[in-house]
Amino acid sequence: MPPWGAALALLLAALALLGLLAPRLRRPGRRAVGARTPPGARVQDHAEEGDGGGPADRFDDRREPLPGGCRLICKPSALAQCLLRALRRSAALEPGPRSWLSGPHLQTLCHFVLPVGPGPELAREYLQLADDGLVALDWVVGPCARGRRVTNAGGLPAVLLVIPNAWGRLTRNVLGLCLLALERGYYPVIFHRRGHHGCPLVSPRLQPFGDPSDLKEAVTYIRFRHPAAPLFAVSEGSGSALLLSYLGECGSSSYVTGAACISPVLRCREWFEAGLPWPYERGFLLHQKIALSRYATALEDTVDTRKLFRSRSLREFEETLFCHTKSFPITWDTYWDHNDPLRDVDEAAVPVLCICSADDPVCGPPDHFLPTELFHSNPYFFLLLSRHGGHCGFLRREPLPAWSHEVILEYFRTLTEFFRTEERMKGLSRRRASVLGGRRRWGTLQRREISPSSNLEEIFSWKRSYTR
């Protein structure tokens, strides 16, 4: 049997199992720990849905309707209005013919289980870090399509940094996004953590769930290699914790122009503690065990490998790997104090678009895993909530790419045009002020008298910007 046949058989078996156990896969209708309900929001039990609507229709009152039953939830701003106009014109959100891939489990399993097929041409670079560890950067170099559109007015292609999920699996949708971005004139590069996707683990240290230190060095190198090109970033699923941690820690000092997260896990600690539906929990756990089994001997001096490979849940695996270490053990609370992706979210100074689905079987209902107060209060965060799409799926009929990819690239183009217009308006204001100031300068200098006892604080106004 060919590899794709085995994968298809596994997919069909999993779908049959999910069909039999569908009632048991639903999460309980309780709210996550620490979840708060913003004013105007309605929280209801999503265990029963009629044909007239779903969780996306009952999620929030303060929303903007879009094609395809999607909703944009954000704080009102000039950028929000510009993004709303672009999404209303987007052909990617237009509802198409209903496909057999419309179910949430099918969307998710096709994304994770099916083989990736012929992907893009990759040129790998290994980046040695400050502690002698290694991360990998896969530059997408082909195939180059004719008539590529350049994303920057200056003629330099924008760099698109892609961060896969935290389990290290390179999925079909990630490669599809890279191919589409290359066709649209971007220069995609995929970031791989230590020990992920063939990157050697040269030191007994893995990257914690939300520790952006390795990503900082990788972004610095990308910026050194392409100093004049704009940098955009996209993360997938659980990999969004790494991107959001980076944006929060770096603040306005990050080199990223705009960011997008596909099916992000935002309440990570609650997500680990509540657990996933058991087919997904077992699948992700098995994938991590297989990936780390090749480094079992190297990790023996750091963690209890016997307990690690006997873990029965994602939380137990994560806690054994990063908390119950032999050299520096810490508590579960301390671990999340340093790895919660929203710990410094107020410092983020980059627009972030989160694309989520109301039927996500991995994250759960939106009122459980989405911190709605973040999108209502922070002008940099935008939530595009769809009715269907599963977890990181958002698939359409072949050969069309996932509609989330189209929306993300349109979003980046909208950001580029918005910032270019803002800079042009600021330039006009500065020139107008300089012309008016030159006309009044002589009279102002004649009338202005500064006594020796004047307050220096009235003459010099210092403003400091605090960034992390």
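All values below were derived from every heavy atom in this structure, side-chain atoms included, with hydrogens, water molecules and symmetry-related copies excluded. Keep in mind it's a predicted model, so treat the numbers as computed, not measured.
- Checked by atom type, the side-chain pair His105/Tyr280 shows a donor-acceptor distance below 3.5 Å.
- Side-chain rings of Trp139 and His226 approach one another, their centers coming within less than 6.0 Å.
- Under the 4.5 Å side-chain criterion, counting only non-hydrogen atoms from C-beta, His338 is not in contact with Arg343.
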Legend entry - Check against side-chain contact (heavy atoms from CB on, under 4.5 Å), Thr257 and Leu415: CA-CA 8 Å; Thr257 303; Leu415 285 183; 5.5 Å; no
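- A distance-only check finds no donor-acceptor pair linking the side chain of Thr334 to the backbone of Ile330 [under 3.5 Å].
- Counting heavy atoms from C-beta outward, Phe418 and Cys82 have side chains that approach closer than 4.5 Å.
- Two rings, from Phe309 and Phe317, have their centers 6.0 Å or more apart.
- Taking CG from Leu160 and OH from Tyr187, the interatomic distance works out to 12.5 Å, rounded to the nearest 0.5 Å.
- Judged by distance alone, with hydrogens and angles left aside, the side-chain atoms of Asp344 form no donor-acceptor pair with the main-chain N or O of Glu347 at under 3.5 Å.
- Taking a cutoff of 4.0 Å between a charged side-chain nitrogen and a carboxylate oxygen, Glu125 and Arg225 qualify as a salt bridge.
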Inset, instruction - Given salt bridge (Lys or Arg N to Asp or Glu O under 4.0 Å), test Arg184 with Glu406 step by step and report yes or no. - result: CA-CA 10 Å; Arg184 300 291 174 86; Glu406 297 274 3; 2.9 Å; yes
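- Contact annotation: the side chain of Asp304 never approaches that of His324 to less than 4.5 Å [non-hydrogen atoms, C-beta and beyond].
- Between the side chain of Lys75 and the backbone N or O of Phe382 there is no donor-acceptor pair closer than 3.5 Å.
- Judged purely by atom type and a 3.5 angstrom limit, Ser90 has no side-chain atom pairing as donor or acceptor with the backbone of Ala86.
- With respect to Glu316 and Arg312, no salt bridge is recorded, no charged nitrogen being found less than 4.0 Å from a carboxylate O.
- When atom types are taken as modelled, the side chain of Ser240 and the backbone of Gly237 share a donor-acceptor pair closer than 3.5 angstrom.
- The pair Glu273-Arg267 does not meet the salt-bridge criterion, since no charged nitrogen lies less than 4.0 angstrom from a carboxylate oxygen.
- At least one donor-acceptor pair closer than 3.5 Å links the side chain of Asn339 to the backbone N or O of Tyr335.
- Residues Val350 and Ala259 come closest through the heavy atom pair CG1-N, 4.1 Å.
- In terms of modelled atom types and a separation under 3.5 Å, the side chain of Asn165 and the main chain of Gly168 share a donor-acceptor contact.
- Shortest non-hydrogen contact noted between Gln207 and Leu215 is NE2-N, 4.3 Å.
- At least one donor-acceptor pair closer than 3.5 Å links the side chain of Glu281 to the backbone N or O of Leu314.
- Within the 4.5 Å cutoff, no side-chain heavy atoms of Arg71 are placed close to those of Leu66.
- Distance CG/Leu72 to CD/Gln81: 9.5 Å, rounded to 0.5 Å.
- Using a 4.0 Å cut-off between charged side-chain N and carboxylate O, Arg194 and Asp214 make a salt bridge.
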Inset, instruction - Step by step, work out the side-chain contact (heavy atoms from CB on, under 4.5 Å) result for Asp138 and His192. - result: CA-CA 8 Å; Asp138 282 342; His192 297 290; 2.9 Å; yes
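- Under the 4.5 Å side-chain criterion, counting only non-hydrogen atoms from C-beta, Tyr295 is not in contact with Leu206.
- The minimum heavy-atom distance between Val140 and Pro120, with the atom names listed, is CG1-CB, 3.6 Å.
- Under the side-chain contact (heavy atoms from CB on, under 4.5 Å) test applied with Leu247, the options Pro212, Ser254, Pro341 reduce to a single match, Ser254.
- Checked for salt-bridge contact, Lys216 and Asp211 miss the test: no charged N lies under 4.0 Å from a carboxylate O.
- Here the shortest heavy-atom pairing between Leu266 and Leu342 reads O-CD1, 3.7 Å.
- Residues Val407 and Ile355 have side chains in contact (heavy-atom distance under 4.5 Å, counting atoms from C-beta outward).
- Side-chain contact check for Ser357 and Asp359: at least one donor-acceptor pair (N or O, by modelled atom type) lies under 3.5 Å.
- When atom types are taken as modelled, the side chain of Ser77 and the backbone of Ala80 share a donor-acceptor pair closer than 3.5 angstrom.
- Between the side chain of Ser245 and the main chain of Gly210, a donor-acceptor pair closer than 3.5 Å is present.
- Side-chain contact between Leu395 and Trp403 is absent, with no heavy-atom pair separated by less than 4.5 Å.
- Considering only heavy atoms from C-beta on, Leu161 comes within 4.5 Å of Phe191 through its side chain.
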Legend entry - CA sep, side-chain torsions, deciding dist, call: Val234, Leu177, side-chain contact (heavy atoms from CB on, under 4.5 Å): CA-CA 9 Å; Val234 178; Leu177 173 62; 3.7 Å; yes
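- Using a cutoff of 4.0 Å between basic side-chain nitrogens and carboxylate oxygens, Asp333 and Arg269 are scored as salt-bridged.
- Cation-pi geometry between Arg193 and Trp167 is not satisfied (NZ or CZ under 6.0 Å from the ring centre, within 45° of the ring normal).
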Legend entry - Residues Phe381, Leu244; criterion side-chain contact (heavy atoms from CB on, under 4.5 Å); working and verdict: CA-CA 11 Å; Phe381 282 80; Leu244 294 176; 3.9 Å; yes
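- Considering all non-hydrogen atoms of both residues, Ala296 and Thr305 come closest at O-CG2, 3.6 Å.
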